[in-house]
Amino acid sequence: MIIGPAYKSQVDYLNSLNLGIPMLLPFVTDENVLKSNPNNIMLNPSKQDIRNEVAKYASSIPNSNALIIKGTSDDSKVAASKYVEAMQNVGVKTTELNFNGSSIEALGSALVKGAENLIIMTFENEMTATRVLSQVFKLCNDYKITLIADPRIMNYESIDPNYYVEVRYTYYSDISIDYKNLDVKTFISRFHNAFLCEPNNDAYIAADAINYFVPLMQKAGKTFAGIIDQNYVQEGLGGKRQYVKNSGYSANSYSNKEVYLYTIQKDYSFSIVYPTENSTDNK
């Protein structure tokens, strides 16, 4: 079993060797890797998994209006197109809008009063993210808005923290940690003793991956990818994990489909809003 590597170019190189060994991917999230190569297992949700789950969240909200913001890069254009498709597949009213580098074109006319307007940003450059939040912020008094974007935009110091609250900033994650859980408490204590620091998200993902895949490897050797049960939901330290084979994936390639959505609150804490059974948990 190969754990890693970190970069897609390295993943592509190892796949080109045709080793026939299952490879656990903790960082790469491009579903095209799984479509092109067998025996690749993404520990995180793929980008398409995220889009599908965000669409399911939108469909769970009565009278939702999805606005997909498309940037100028090719990656953003592709992501926007796939978001539109995911939304339409679950019956959500969807409009694709252009961000021209300084503002979102026709945003005002696309917003609907009395509806839950879900604005989904498909890029995370600091300058453009700041401009988007500034523009959306001005409309929050007149419309009910939730802005969904990559969690990386929380690292940008140029964005006024109050903007996140007013636009009801929501980010997606594959982690949901119950700090009251005894196993989690034990893991944190042992991690402190070993590394003298707090475990980050990658530590929880790694621990859950070892607990999930090593027993499979002990049972089936390097062919263990062939016996993954797609109906099994692991209750791990970092939350639920379910490894599935989506349409178009190569033989024995899987991704973790579990996605959590967190929305910022007035006190700057975050609460899970999707899946709904976890809506009372705070992070």
Side-chain angles (χ1 to χ4, degrees), residues 3 24-29 31 41-61 86 90 118 120-121 124 146-155 164-165 168-192 195 197-215 228-244 246 254-283:
I3 302 175
L24 306 186
L25 307 178
F27 306 113
V28 175
T29 58
E31 64 270 13
I41 304 169
M42 284 185 182
L43 302 183
N44 296 312
S46 70
K47 293 177 182 178
Q48 189 58 48
D49 290 321
I50 292 171
R51 290 187 284 262
N52 290 340
E53 296 305 308
V54 170
K56 289 180 184 178
Y57 170 60
S59 70
S60 71
I61 302 173
V90 294
L118 301 176
I120 300 172
M121 193 166 65
E124 65 278 342
T146 296
L147 177 74
I148 301 176
D150 191 286
R152 284 176 288 188
I153 75 167
M154 284 188 292
N155 297 326
Y164 294 110
V165 173
R168 298 188 72 243
Y169 168 64
T170 299
Y171 73 92
Y172 38 80
S173 173
D174 63 326
I175 288 288
S176 175
I177 303 169
D178 179 5
Y179 290 100
K180 297 178 182 178
N181 181 282
L182 179 59
D183 289 338
V184 171
K185 290 180 178 179
T186 301
F187 175 71
I188 292 173
S189 176
R190 291 177 175 175
F191 196 94
H192 284 167
F195 302 109
C197 64
E198 189 76 14
N200 61 11
N201 285 0
D202 291 334
Y204 291 98
I205 293 170
D208 287 342
I210 293 301
N211 288 332
Y212 186 100
F213 291 108
V214 166
I228 289 175
D229 181 359
Q230 296 187 66
N231 295 315
Y232 173 69
V233 179
Q234 179 192 24
E235 298 280 354
L237 297 171
K240 295 180 179 180
R241 299 195 167 268
Q242 183 178 1
Y243 293 93
V244 299
N246 288 332
Y254 303 84
S255 60
N256 164 37
K257 69 174 287 291
E258 294 294 332
V259 176
Y260 300 93
L261 295 178
Y262 292 88
T263 297
I264 197 168
Q265 306 301 307
K266 292 293 185 180
D267 63 356
Y268 298 97
S269 67
F270 281 88
S271 292
I272 293 179
V273 294
Y274 179 86
T276 53
E277 64 265 27
N278 296 304
S279 59
T280 59
D281 295 340
N282 288 325
K283 183 179 181 185

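Heavy atoms only: backbone and side chains are in, while hydrogens, waters and symmetry mates are out. Quick caveat: nothing in here was measured; it's all calculated off a predicted structure.
Here the CD-CG distance, from Glu235 to Asp178, works out to 10.5 Å after rounding to the nearest 0.5 Å. Rounding to the nearest 0.5 Å gives a distance of 11.5 Å between CD1 of Ile148 and OH of Tyr274. Atom CZ of residue Phe191 and atom OH of residue Tyr204 lie 8.5 Å apart, to the nearest 0.5 angstrom. Once rounded to the nearest 0.5 Å, the distance linking OG of Ser173 with CD1 of Ile50 reads 9.0 Å. Here the OG atom belonging to Ser255 is positioned 13.5 Å from the NZ atom belonging to Lys47, to the nearest 0.5 angstrom. Distance check, rounded to the nearest 0.5 Å: NZ of Lys185 to OH of Tyr179 gives 13.0 Å.
In summary, the aromatic rings of Tyr268 and Tyr164 are positioned with their centroids too far apart to meet the 6.0 Å limit. A centroid separation of less than 6.0 Å is found between the aromatic rings of Phe270 and Tyr171.
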Kindly determine whether Ile228 and Ile41 satisfy side-chain contact (heavy atoms from CB on, under 4.5 Å), including the steps that lead there.
-> CA-CA 10 Å; Ile228 289 175; Ile41 304 169; 3.8 Å; yes

Given the rule in the side-chain contact (heavy atoms from CB on, under 4.5 Å) test, do Lys257 and Asn52 qualify, once you have shown the distances and angles that lead to the verdict?
-> CA-CA 9 Å; Lys257 69 174 287 291; Asn52 290 340; over 6 Å; no

Is there a side-chain contact (heavy atoms from CB on, under 4.5 Å) between Val273 and Tyr260 once you walk through the steps?
-> CA-CA 8 Å; Val273 294; Tyr260 300 93; over 6 Å; no

Intermediate values then yes/no, side-chain contact (heavy atoms from CB on, under 4.5 Å), Gln234 and Gln242 | CA-CA 6 Å; Gln234 179 192 24; Gln242 183 178 1; over 6 Å; no

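Residues forming a side-chain hydrogen bond (donor to acceptor under 3.5 Å, both in side chains) with Asn155 (at least two apart in sequence, or on another chain): none. Remark: Arg152 engages Glu124, Asp150 in a salt bridge (charged side-chain N to carboxylate O under 4.0 Å, His left out) (not counting sequence neighbours). Scanning for side-chain hydrogen bond (donor to acceptor under 3.5 Å, both in side chains) contacts around Glu198 gives His192, with sequence neighbours left out. Asn44 pairs by the side-chain hydrogen bond (donor to acceptor under 3.5 Å, both in side chains) definition with nothing, not counting sequence neighbours. Among residues two or more places apart in sequence or in another chain, the side-chain hydrogen bond (donor to acceptor under 3.5 Å, both in side chains) test is passed with Asp208 by none. In terms of the salt bridge (charged side-chain N to carboxylate O under 4.0 Å, His left out) criterion, residue partners of Glu53 (sequence neighbours excluded) are, by chain and number, Lys56.
Ile177 has its side chain within reach of Val184: a pair of non-hydrogen atoms, C-beta onward, lies under 4.5 Å apart. Side-chain contact between Leu261 and Val54: present, with at least one pair of heavy atoms (C-beta onward) separated by less than 4.5 Å.
In this structure, Ser189 contributes its side chain and Thr186 its backbone to no donor-acceptor pair below 3.5 Å. At distances below 3.5 Å, not a single donor-acceptor pair connects side-chain atoms of Asn256 with backbone N or O atoms of Tyr243. One N or O on the side chain of Gln265 and one on the backbone of Thr263 form a donor-acceptor pair closer than 3.5 Å. Judged by distance alone, the side chain of Arg241 and the main-chain N or O of Leu43 form a donor-acceptor pair under 3.5 Å.
Here the closest heavy-atom approach between residue Pro151 and residue Tyr169 is recorded as CA-OH, 3.2 Å. The nearest pair of heavy atoms linking Pro45 to Glu258 is CG-O, 3.2 Å. The two residues Pro275 and Val259 have their closest heavy-atom pair at CD-O, 3.8 Å. Closest non-hydrogen pair, Met42 versus Thr29, comes out as CE-C, 3.6 Å. Shown here for Ser176 and Tyr262, the closest heavy-atom pair between the two residues is CA-OH, 3.4 Å. Looking at every heavy atom in both residues, Asp49 comes nearest to Asn246 through OD1-ND2, 2.8 Å.
For the side-chain contact (heavy atoms from CB on, under 4.5 Å) test with Ile175, the passing option among Asn200, Ile205, Asp202 is Ile205; the others fail.
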